[in-house]
Amino acid sequence: MFSFENQVCLITGAGSPTGIGFATAKDLGLLGGKIYMIATSNRIFERANELKELEIDAKGVICDLRDASQVAKTIAEIEKESGKIDVLVNNAGINSTSNHTVYDKKSQPNFAELEDDDWYRVLDINMKTNYNVSKNVLKIMKKNKYGRIVHISSVTGPIVTQRGLAAYATAKSAILGMSKTIALEEGINNITSNAVLPGWINTGILDEASLKYGEHTPIGRPARAEEVASAVVFFASKEASYVTGQELIVDGGNVIQECK
Ligand code: NAP
């Protein structure tokens with residue numbers, strides 16, 4: 001069994017009770033990790049309280065990860081308080097602060113009709129957040145000569161795509177380029193960087209049509225957030241010391257089937 005005893009774990013985007021971020025924070029906490037979780041709204045404190053009830057050492061922090069100065073301040077405070085960050089899970093993303101989500105097909109125009117503001121908004125939420133946090137946390141990991149970074153990408157972009165999701169697909173692909181380069185540059189510092197590519201995950205953000213697509217995977221259902229968290233825990237573990245620059249698809253086998 002993996003252990004995160006004496007390790008400080010930072011998980012971004014853990015605000016939703018049914019999301020991948022919170023499921024990951026819970027797993028890492030139950031395995032002994034000290035947990036810091038970030039989101040933009042007060043609900044992050046409710047998540048931290050839920051973990052504390054399980055006797056996990058957990059803290060919720062509010063920060064808009066699109067804002068470089070807010071991120072620098074927040075990460076510096078975490079370092080001051082805990083002395084280090086061993087594990088970073090870059091999970092924040094999607095478009096949960098907007099009135100239309102990435103999966104709401106009706107409000108997602110094709111690339112040719114896409115407004116510049118929408119393009120940059122989706123890139124900011126799904127890529128700039130990851131960039132801002134990775135940069136600040138890497139400095140701490142380099143000092144400590146240890147780190148595990150796990151990026152939550154998607155099959156959307158790197159493997160497949162959907163009409164209307166150009167910006168999201170671009171962001172999720174770009175994360176992989178960043179992850180591989182970090183892996184190459186920081187391997188010598190005992191820091192690994194890997195990515196998990198989820199398929200249809202029932203985290204509460206999928207519309208009815210998307211849940212239906214999940215039923216057409218070889219496993220025959222969308223995933224639970226915990227099933228993505230399990231893959232993250234492996235990459236985040238000390239035991240994954242010789243695995244870096246890699247990607248793991250968690251999609252119930254969906255991308256291998258020609259006939260869906
Ligand atoms: P989710 O519950 O909506 O998770 C997104 C989280 O990010 C929320 O906790 C949100 O919290 C936070 N967040 C958004 N913008 C932020 C910002 N600017 N700064 C800080 N936190 C921010 O959805 P999910 O399905 O678990 O998605 C988690 C990750 O998995 C995302 O990166 C998503 O792209 C990826 N993914 C999901 C699926 C799927 O089928 N569900 C498939 C592939 C990939 P607040 O709103 O409270 O800030």
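Counting convention: from 1, in listed order, for ligands and their atoms alike.
Distances between N or O atoms of S41 and those of ligand 1 include at least one value under 3.5 Å. On a distance-only criterion, G19 and ligand 1 share no N/O pair closer than 3.5 Å. Of the N or O atoms in L65, one or more lie within a sub-3.5 Å distance of an N or O in ligand 1. Looking at I38 next to ligand 1, no N or O pair under 3.5 Å apart turns up. Polar contact with ligand 1: absent for A39 (N/O pair, distance under 3.5 Å). The shortest N or O to N or O distance between W200 and ligand 1 is not below 3.5 Å.
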side-chain contact (heavy atoms from CB on, under 4.5 Å) assessment of M141 paired with I149:
CA-CA 10 Å; M141 289 179 167; I149 303 180; 3.8 Å; yes
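What you find for A236 and V150 is that their closest heavy atoms are N-CG2, 3.9 Å. Across every non-hydrogen atom of T40 and C63, the tightest pair is CG2-O, 3.8 Å. For the pair H151 and S134, the tightest heavy-atom approach, listed with the atom from each and the gap, is CE1-OG, 3.8 Å. The two residues G29 and I35 have their closest heavy-atom pair at N-CD1, 3.6 Å. In terms of heavy-atom proximity, F22 sits nearest to S16 at CB-O, 3.3 Å. Scanning both residues, A14 and R47, for their nearest heavy atoms gives O-CG, 3.2 Å.
Here atom 42 (C) of ligand 1 lies nearest to G199 when heavy atoms of G204, A92, G199, S154 are compared. Selection from N91, I152, I94, V71 by nearest heavy atom to atom 32 (O) of ligand 1 gives N91.
Per-residue contacts place A14 under 4.0 angstrom from the following atoms of ligand 1 (heavy atoms of the residue considered): 9 (O). Of all atoms in ligand 1, listed by their number and element, those nearer than 4.0 Å to a heavy atom of S16 are 2 (O), 9 (O). Close contacts of ligand 1 with C63, meaning ligand atoms under 4.0 Å from a residue heavy atom, involve 19 (N), 20 (C). Listed by atom number, the atoms of ligand 1 under 4.0 Å from L206 heavy atoms are 40 (O). Close approach of ligand 1 to R66 (heavy-atom distance below 4.0 Å) involves ligand atoms 18 (N).
The closest side-chain donor-acceptor pair between D27 and T24, if any, does not fall under 3.5 angstrom. Side-chain contact annotation: E186 with N189, donor-acceptor N/O pair under 3.5 Å present.
The aromatic rings of F234 and F2 sit tilted, their planes meeting at an angle between 30° and 60°.
Neither the backbone nor the side chain of F22 has any atom closer than 4.0 Å to an atom of ligand 1 (non-hydrogen atoms only). Only the side chain of T203 comes within 4.0 Å of ligand 1, judged by heavy-atom distances. Using a 4.0 Å cut-off between heavy atoms, S153 contacts ligand 1 through its backbone alone, with no side-chain atom that close. Contacts between I20 and ligand 1 below 4.0 angstrom, taking non-hydrogen atoms only, involve backbone and side chain alike.
Counting non-hydrogen atoms of neighbouring residues, nucleotides and ligands closer than 6.0 angstrom, the CD atom of E55 reaches no more than 12 such neighbours.
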